[in-house]
Amino acid sequence: MGRRIHFVVDPQGWCCLGLIVFVWLYNTIFIPKVILFPHYEEGHISVVAILCYYFCSLFCIASLLRASVADPGKLPENPKIPITEREYWEVCNKCNMMRPKRSHHCSRCGHCVRRMDHHCPWINNCVGEDNHWLFLQLCFYSEILSSYTLVLDFCHYYYFLPLKREN
């Protein structure tokens, strides 16, 4: 499993990634300011709820950055193919390189990726053999953060006592 840093020069991908970071920053600043801190000051929630929100948010952005810069399994220019495995390799018709049978050529990245799943514009990277688990981790933490925010919003409108001070 490679740990090389991998950047894709794709304006659409950078736009999607920038949008995701903007939404994350907005929610990391807005949700605590409007919901968490006022309810904490009035004693409706504990500091643990605020810390959990920030930890979920931190894990989410860390997994986004890790999935964005991780090498998806880019094939080297001159791979050393063992003689016993040559029947499991084929020539890519786009880049004319030898690649394993389950590899695919990404038109966005311009190279072949081992066990490529798809090119994700939200992380501006391919999801392949070496970063698939990072992509799943990003999906998991995004789901946790979204669910936690949804629960907080529901509690803010239907469960918590109304705020006494004008916001």
Side-chain angles (χ1 to χ4, degrees), residues 1-75 102-104 106-167:
M1 202 175 272
R3 295 281 187 247
R4 298 181 309 239
I5 292 179
H6 176 76
F7 286 107
V8 178
V9 181
D10 179 24
Q12 180 187 9
W14 283 108
C15 182
C16 290
L17 188 62
L19 180 65
I20 291 295
V21 170
F22 172 75
V23 168
W24 174 82
L25 271 173
Y26 178 78
N27 285 332
T28 303
I29 294 167
F30 181 73
I31 295 294
K33 183 179 178 184
V34 171
I35 296 175
L36 292 175
F37 292 138
H39 285 289
Y40 172 71
E41 289 171 0
E42 292 189 6
H44 301 158
I45 61 172
S46 68
V47 73
V48 174
I50 297 171
L51 290 176
C52 285
Y53 186 83
Y54 278 116
F55 277 125
C56 288
S57 183
L58 180 70
F59 289 151
C60 190
I61 196 68
S63 62
L64 172 69
L65 295 175
R66 286 181 66 199
S68 296
V69 299
D71 180 30
K74 179 181 175 184
L75 290 170
R102 292 185 64 196
S103 300
H104 295 283
C106 178
S107 58
R108 293 273 176 144
C109 297
H111 54 78
C112 291
V113 177
R114 290 186 317 269
R115 297 178 71 186
M116 181 179 160
D117 188 89
H118 67 286
H119 181 90
C120 180
W122 301 108
I123 64 170
N124 194 27
N125 201 355
C126 288
V127 177
E129 182 178 64
D130 289 350
N131 71 345
H132 194 262
W133 69 279
L134 291 170
F135 180 73
L136 293 176
Q137 189 179 40
L138 169 65
C139 292
F140 174 74
Y141 286 133
S142 298
E143 180 66 32
I144 294 293
L145 184 62
S146 299
S147 299
Y148 192 54
T149 304
L150 185 65
V151 166
L152 285 173
D153 288 341
F154 178 80
C155 289
H156 175 69
Y157 289 110
Y158 298 109
Y159 181 71
F160 293 147
L161 297 172
L163 293 171
K164 292 183 177 107
R165 73 178 176 97
E166 195 66 30
N167 199 356

Please lay out, stage by stage, how Val69 and Asn125 fare under the test side chain to side chain contact (heavy atoms under 4.5 Å, CB included). CA-CA 8 Å; Val69 299; Asn125 201 355; over 6 Å; no

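- Between Pro32 and Pro38 the shortest heavy-atom distance is O-CD, 3.8 Å.
- In this structure, CG in Asn131 is found 9.5 Å from CG in Leu136, a value given to the nearest 0.5 Å.
- Summarising the geometry of Cys16 relative to Trp122, their closest heavy-atom pair is CB-CE3, 3.6 Å, with the distance given to 0.1 Å.
- Put simply, CG on Leu152 and CG on Leu36 are 5.0 Å apart, with the number rounded to the nearest 0.5 Å.
- In this structure the side chain of Asp153 reaches within 4.5 angstrom of the side chain of Ile31, judged on heavy atoms.
- Taking CG from Asp71 and CG from Leu134, the interatomic distance works out to 11.0 Å, rounded to the nearest 0.5 Å.
- By the side-chain contact (heavy atoms from CB on, under 4.5 Å) test, Phe30 pairs with Tyr26, Val34, sequence neighbours left out.
- Interatomic distance, CD1 of Ile50 versus CD1 of Ile35, reported as 11.5 Å (0.5 Å rounding).
- Closest approach of Cys109 and Cys106 over heavy atoms only: N-SG, 3.4 Å.
- Residues satisfying the side-chain hydrogen bond (donor to acceptor under 3.5 Å, both in side chains) test with Ser146, not counting sequence neighbours, are none.
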Could you walk me through whether Ile123 and Leu138 satisfy the side chain to side chain contact (heavy atoms under 4.5 Å, CB included) test, starting with their C-alpha distance in whole Å, then the side-chain angles of each, then the deciding distance to 0.1 Å, before giving a yes or no? CA-CA 10 Å; Ile123 64 170; Leu138 169 65; 3.5 Å; yes

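- Listed by first then second residue, pairs satisfying side-chain hydrogen bond (donor to acceptor under 3.5 Å, both in side chains) with a partner in residues 52-65 read Trp24-Ser57, Thr28-Ser57, not counting sequence neighbours.
- For the atom pair Ser68 OG and Phe135 CZ, the distance stands at 10.5 Å (nearest 0.5 Å).
- Note that the NE2 atom of His111 and the NZ atom of Lys74 stand 5.0 Å from one another [nearest 0.5 Å].
- Inter-residue side-chain proximity for Gln137 and Arg66 is flagged as met; some heavy-atom pair is nearer than 4.5 Å.
- By the 4.5 Å heavy-atom criterion applied to side chains, Val113 and His104 are not counted as neighbours.
- Contact annotation: the side chain of Arg114 approaches that of Asp130 to within less than 4.5 Å [non-hydrogen atoms, C-beta and beyond].
- Scored by the ring pair (Phe, Tyr, Trp, His ring centres under 6.0 Å) test, Phe22 finds no partners at all (sequence neighbours excluded).
- When all heavy atoms of Ser142 and Cys60 are compared, the pair lying nearest together is OG-SG, 3.6 Å.
- Every residue meeting the side-chain contact (heavy atoms from CB on, under 4.5 Å) condition with Val21, not counting sequence neighbours, appears here in chain and number order: Leu25, Ile61, Leu64.
- Counting heavy atoms from C-beta on, the side chains of Met116 and Pro72 never come closer than 4.5 Å.
- Partners of Cys52 by side-chain contact (heavy atoms from CB on, under 4.5 Å), not counting sequence neighbours, listed by chain and number: Val48, Tyr148.
- For the side-chain contact (heavy atoms from CB on, under 4.5 Å) test, residues two or more places apart in sequence or in another chain that qualify with Cys56 are Ile144, Leu145.
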